[in-house]
Peer 1: 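Provided herewith is a single structure, encoded as structure tokens, for subsequent inquiry.
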Amino acid sequence: MQKTMLISILVFSTSLFANTQYADIQVTQISPVPEQAIWQRSTHVSPKYPVKLAMNGVVCCAVYNVAISEQGKTQAIKLISQVSTKNSLAKEGRKIIKKFAWQPQPDQIAKASEQVIRLDFCMGGDSLEASEARCKQQTQFSCQKDTNS
């Protein structure tokens, strides 16, 4: 009984002192421009930040080529570029994109196509709004490693 109570107190007190980490993922369609794309995401809710990346404090970006079938299913996802020190980014980004539900734009006929999509993974700030603002700012920077380093 005392051992269980001690563990409960330790867990509770540790959670009081744990820092809250705010994170956001921005999804940007690079090409074709959204107005000319055949497919659009059916919901524009920000994807959930992968726990694995959050635990490691990973802040990064990645650009993917996404093939979408005539039925609106994601067929293939190819990493084009990334700025990250973690190899797990490509895998985590693919998981996020696979969950996207696609629907044809109102003025488009459904057919197979490809899109280039950028995912920005951002952490920090004292609120979710601050994290989102940081992430929107991050989308303005290049998402390719500097090859001159």
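Keep in mind the model is a prediction, meaning the values are calculated, not measured. Atoms considered below: every heavy atom in the structure, side chains included; atoms not considered: hydrogens, waters and symmetry mates.
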Peer 1: Assess whether side chain to side chain contact (heavy atoms under 4.5 Å, CB included) is satisfied between Asn65 and Ile117, documenting all intermediate values.
Peer 2: CA-CA 6 Å; Asn65 186 72; Ile117 295 174; over 6 Å; no

Peer 1: Nearest 0.5 Å, please: how far is CG in Leu53 from CD in Glu92?
Peer 2: 5.0 Å

Peer 1: Run the numbers on Val58 and Ser84 for side chain to side chain contact (heavy atoms under 4.5 Å, CB included), then give the verdict.
Peer 2: CA-CA 8 Å; Val58 176; Ser84 173; 4.3 Å; yes

Peer 1: Using the ring-ring contact (aromatic ring centres under 6.0 Å, His included) criterion, which residues pair with Tyr22? Sequence neighbours excluded.
Peer 2: none

Peer 1: Let me have the donor-acceptor pairs involving side chains of residues 98-108, under 3.5 Å, with sequence neighbours excluded, atom names and distances please.
Peer 2:
unit_1 : atom_1 : unit_2 : atom_2 : d
Trp102 : NE1    : Thr74  : OG1    : 2.9
Gln105 : NE2    : Pro34  : O      : 2.5

Peer 1: Could you state the interatomic distance from CZ (Arg41) to CD1 (Ile97), rounded to the nearest 0.5 Å?
Peer 2: 9.5 Å

Peer 1: Report the residue from Leu79, Val116, Ile96 that forms a side-chain contact (heavy atoms from CB on, under 4.5 Å) with Tyr64.
Peer 2: Leu79

Peer 1: Rest of the hydrophobic cluster containing Met55 (Ile/Leu/Val/Met/Phe/Trp/Tyr, side-chain heavy atoms under 4.5 Å)?
Peer 2: Val51

Peer 1: How long is the span from the CE atom in Met123 to the CD1 atom in Ile25, to the nearest 0.5 Å?
Peer 2: 10.5 Å

Peer 1: Among residues two or more places apart or on two chains, list those pairs meeting salt bridge (Lys or Arg N to Asp or Glu O under 4.0 Å) that have a residue in residues 111-120.
Peer 2: Arg118-Asp120

Peer 1: Once salt bridge (Lys or Arg N to Asp or Glu O under 4.0 Å) is applied, what residue pairs with a partner in residues 66-81 remain, sequence neighbours excluded?
Peer 2: none

Peer 1: Taking all non-hydrogen atoms of both residues, which atom of Ala62 and which atom of Cys143 are closest, and how far apart?
Peer 2: N-SG, 3.3 Å

Peer 1: Quick one: list whatever passes ring-ring contact (aromatic ring centres under 6.0 Å, His included) with Tyr49, sequence neighbours left out.
Peer 2: Phe121

Peer 1: Gln26: what forms a side chain to side chain donor-acceptor pair (under 3.5 Å) with it, not counting sequence neighbours?
Peer 2: Asp24

Peer 1: Test side chain to side chain contact (heavy atoms under 4.5 Å, CB included) on Gln138 and Cys61; report intermediate values, then the result.
Peer 2: CA-CA 9 Å; Gln138 179 178 307; Cys61 64; 4.1 Å; yes

Peer 1: So which pairs with a foot in residues 99-139 pass disulfide (SG to SG under 2.5 Å), sequence neighbours left out?
Peer 2: Cys122-Cys135

Peer 1: Can you check whether Gln71's main-chain N or O pairs, donor with acceptor, with Ser69's side chain at less than 3.5 Å?
Peer 2: yes

Peer 1: Please name all residues satisfying side chain to side chain contact (heavy atoms under 4.5 Å, CB included) with Ser81, sequence neighbours left out, ordered by chain then number.
Peer 2: Val63, Gln144

Peer 1: State the NZ-CD1 distance between Lys91 and Ile77, to the nearest 0.5 angstrom.
Peer 2: 13.5 Å

Peer 1: Between atom CD of Gln36 and atom CD of Gln115, what is the distance when rounded to the nearest 0.5 Å?
Peer 2: 12.0 Å

Peer 1: Assigning hydrophobic clusters by single linkage (Ile, Leu, Val, Met, Phe, Trp, Tyr; side-chain heavy-atom cutoff under 4.5 Å), is Ile30 placed with Leu89?
Peer 2: no

Peer 1: The criterion is side chain to side chain contact (heavy atoms under 4.5 Å, CB included); which residues satisfy it with Ala130, sequence neighbours excluded?
Peer 2: Asp126, Ser127

